[in-house]
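Read the structure below first, then the notes.
A, B, ... follow the sequence lines: proteins, then strands. Residue 1 opens every chain. Predicted, not measured: the structure shown is a model, and the values here were computed from it.
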Number of protein chains: 2
Amino acid sequence: MKKNSPTIRDVAAAAGVSVATVSKYINGAQRFSAPVEAKLKVAIEALGYRSNPLARSMITGRTRTIGLTILDISNPHFTNVVKGANRVALRHDYTLLLVDTDENQARERPLIEALAQRVDGLIVSSRMPDEETHWMLDLNKPLVLLRRSETLPIPSVGIDNRLTTYMLARHLLNLGHRQIAYLGFGQAPRINDERIRGARECLEEAGLTLDVYDAHAPTSHAGEHACSRVMLGPRRPQAVICYNDLIALGFMKEAASLGLKLPQDVSVTGIDNVPYGEFASPALTTVDIQSEKMGELAMQKLIDALAGHPDTEHSMFEPRLIVRESTAACG
Amino acid sequence: MKKNSPTIRDVAAAAGVSVATVSKYINGAQRFSAPVEAKLKVAIEALGYRSNPLARSMITGRTRTIGLTILDISNPHFTNVVKGANRVALRHDYTLLLVDTDENQARERPLIEALAQRVDGLIVSSRMPDEETHWMLDLNKPLVLLRRSETLPIPSVGIDNRLTTYMLARHLLNLGHRQIAYLGFGQAPRINDERIRGARECLEEAGLTLDVYDAHAPTSHAGEHACSRVMLGPRRPQAVICYNDLIALGFMKEAASLGLKLPQDVSVTGIDNVPYGEFASPALTTVDIQSEKMGELAMQKLIDALAGHPDTEHSMFEPRLIVRESTAACG
DNA sequence: GTGAAAGCGCTAACAT
DNA sequence: ATGTTAGCGCTTTCAC
């Protein structure tokens, strides 16, 4: 168990050539004479030489690493984003430096700034309001945001949030519901506001209003907690549109234990189409927001930018309504 | 948007001191005279200097990065492992370099070898049989395995697999079941074999035998696929122990669409206690294997090793039976 | 307490 | 096709 691995100089010595030759050989930069190539092969094999990526990065300025910050890896939406991003990264010989900020806003900036120094580019999912995001431009690294920035010229991928809830509201309207509530997550203001707006617009077209509640967290636990407040309050809804699937799942579980029959007593919808909505009881009606594709595209954009083909646009995926059993005609 | 950031030399010049002094100041290596400290502070602030971690790593030999390879981030078990590992890493100012090998065995070795060069230590989850794992010792990096190695002196964390299925079998026996099947995942031989053994031992004590099936993948999709083979074959079981929760969830869904009543017609159990088992219908009886704690402990062991306190033991978490509604007395 | 100088392992001109 | 050399930005003796 010797501690120090051989360097390029050891190889050069062993093969009787110069370090430059070894370097070029390793990087496949050109062709070599048969004898040199043979000696190189032998020496490298014998020494078990592997080039030091740190030293290389110091010079080339590239690490073949992409930084990815997400809010919570436990949320299947982000899990899928990571999955997609990882797949594309691996295909292009990049590795992911992952930071899970754990829904902790205060942490985001220092973590991202530290991360930026160790990677070639970043994919960032943040809860920071646009106004406080200018410093990201000073990172001097290619960046892709996982939601549009209204004010900054940073490429991004996302979903049409307004449309997700518009579609859900329309769906519920079609089923005959009139009393519709939205159970949101106010700490994600931009997304949440857009979603409220979508539902509200749809309902207003029908002359109805939207009751808005807040779950305080994007988790199933928060959904459970909020359920009695929504369902046993003074304005009991016939249908509830939840900020995401996790909240919806928790909501449904708690509703059942409150003695409510689903979906007869209340229709429930989520957003995200996490893989487990279909195993719930009743299976969850939701909107697919293409999480994995978002991860893939974000990574692809970044890699394109790194290759000199930047893309400053915001790419918007189209939401798709997935109707299952948690929504039914209003009794 | 200037491209090149200031170096330690720029700071030294601006502050009128030597680079060595700047270096020491940044690393808080010693105390300084008031005037020097003041000038340093000003210069660093004015230039917006941030030390280059790559250059530092080249010298110190440490990157403050931990490599983590997992088989599939989509599997909530691994998601939780990552969550736990990330939490401990962040606390100690380490970052995760994540590699999702996507259940692709051929990829594992090259990916891990490449990863090893860029990190201070690794946490590895692999499907490789023990015999083919010797090369990991040549990585010359602290290592923690996410399952015990029988032959290699590498620290590890894991679960008592035998006990998980023993407990489940006992539970089913207590409910009066006699025809019990195991729906496994043969590509994870070590884990799978131990789980078969646990169930078998328990049944043999009761004079019964275990029917073994294979799902070919650790996913809900595979569970769905396998269901009809198990339930409509010649030896229809009264209860099925699945390799993990995902397989169980898929199995239950398909069973329902085959017209079976759960749990009356068949009791089903999983292993892992993924967060969504409790939302399934019926809620899934399972065994908690403490995935997040595994991630935490693995990271803690690694960080301890990096700090000079290695720990060569295998740490085994205790499985805990979680009884919900997917198992019931044999009708 | 502060500074000069020697590299870490490698790549990138620029010779030859 | 191969070699020489000058660093990348930083830490680390070892003087002063």
Donor-acceptor under 3.5 Å ([X] side chain, [Y] main chain):
X      : Y      : result
A:D120 : A:R64  : yes
B:D130 : B:S149 : no
B:K301 : B:S156 : yes
A:D100 : A:I73  : yes

Expressed in angstrom and rounded to an integer, what is the separation of [X] atom [atom1] from [N] atom [atom2]?
X      : N     : atom1 : atom2 : value
A:I8   : C:dG7 : CD1   : P     : 18 Å
A:L40  : D:dT2 : CG    : C1'   : 11 Å
A:R9   : D:dA6 : CZ    : C1'   : 12 Å
A:Q117 : D:dG9 : CD    : C1'   : 12 Å
B:R50  : D:dG9 : CZ    : P     : 17 Å

By ring pair (Phe, Tyr, Trp, His ring centres under 6.0 Å), B:F78 pairs with (sequence neighbours left out) none
Inter-axis angle, terminal five-pair segments of the helix from C:dG1-D:dC16 to C:dT16-D:dA1 [nearest 10°]: 30°
I need the residues from residues 51-65 of chain A with at least one non-hydrogen atom less than 4.0 Å from DNA chain D; give them sorted by number, or say none. A:M58, A:I59
Which of residues 13-29 of chain B have a heavy atom under 4.0 Å from DNA chain D? B:A20, B:S23, B:N27
CD of A:E150 to NE2 of A:H314: how many Å apart, nearest 0.5 Å? 8.5 Å
A:A298 versus A:V144, closest heavy-atom pair with distance: O-CG2, 3.8 Å
Below 3.5 Å, can you tabulate the donor-acceptor pairs from side chains in residues 25-33 of chain A to any protein atom, sequence neighbours excluded?
from	atom 1	to	atom 2	distance (Å)
A:N27	OD1	A:R56	NH2	2.3
A:N27	ND2	A:S23	O	3.0

Taking any heavy-atom pair under 4.0 Å as a contact, classify A:R31: base, sugar-phosphate, or nothing. sugar-phosphate
Are A:E292 and A:R87 within salt-bridge range, i.e. N to O under 4.0 Å? yes
Checking A:R118 against B:T65: is there a side-chain donor and acceptor pair closer than 3.5 Å? yes
If you only use heavy atoms from C-beta on, which nucleotide in D:dC10, D:dT2, C:dT2 is closest to the side chain of B:Y49? D:dC10
Please tabulate, for the side chains in residues 102-114 of chain B, all donor-acceptor contacts under 3.5 angstrom to protein atoms that are two or more places apart in sequence or on a different chain.
from	atom 1	to	atom 2	distance (Å)
B:D102	OD1	A:K83	NZ	2.8
B:E103	OE1	B:R127	NE	2.9
B:E103	OE1	B:R127	NH2	3.3
B:E103	OE2	B:R127	NH2	2.8
B:N104	OD1	B:A106	N	3.1
B:N104	OD1	B:R107	N	3.4
B:E108	OE1	B:S126	OG	2.6
B:E108	OE2	B:R127	N	3.2
B:R109	NE	B:E113	OE2	3.1
B:R109	NH2	B:E113	OE2	3.4

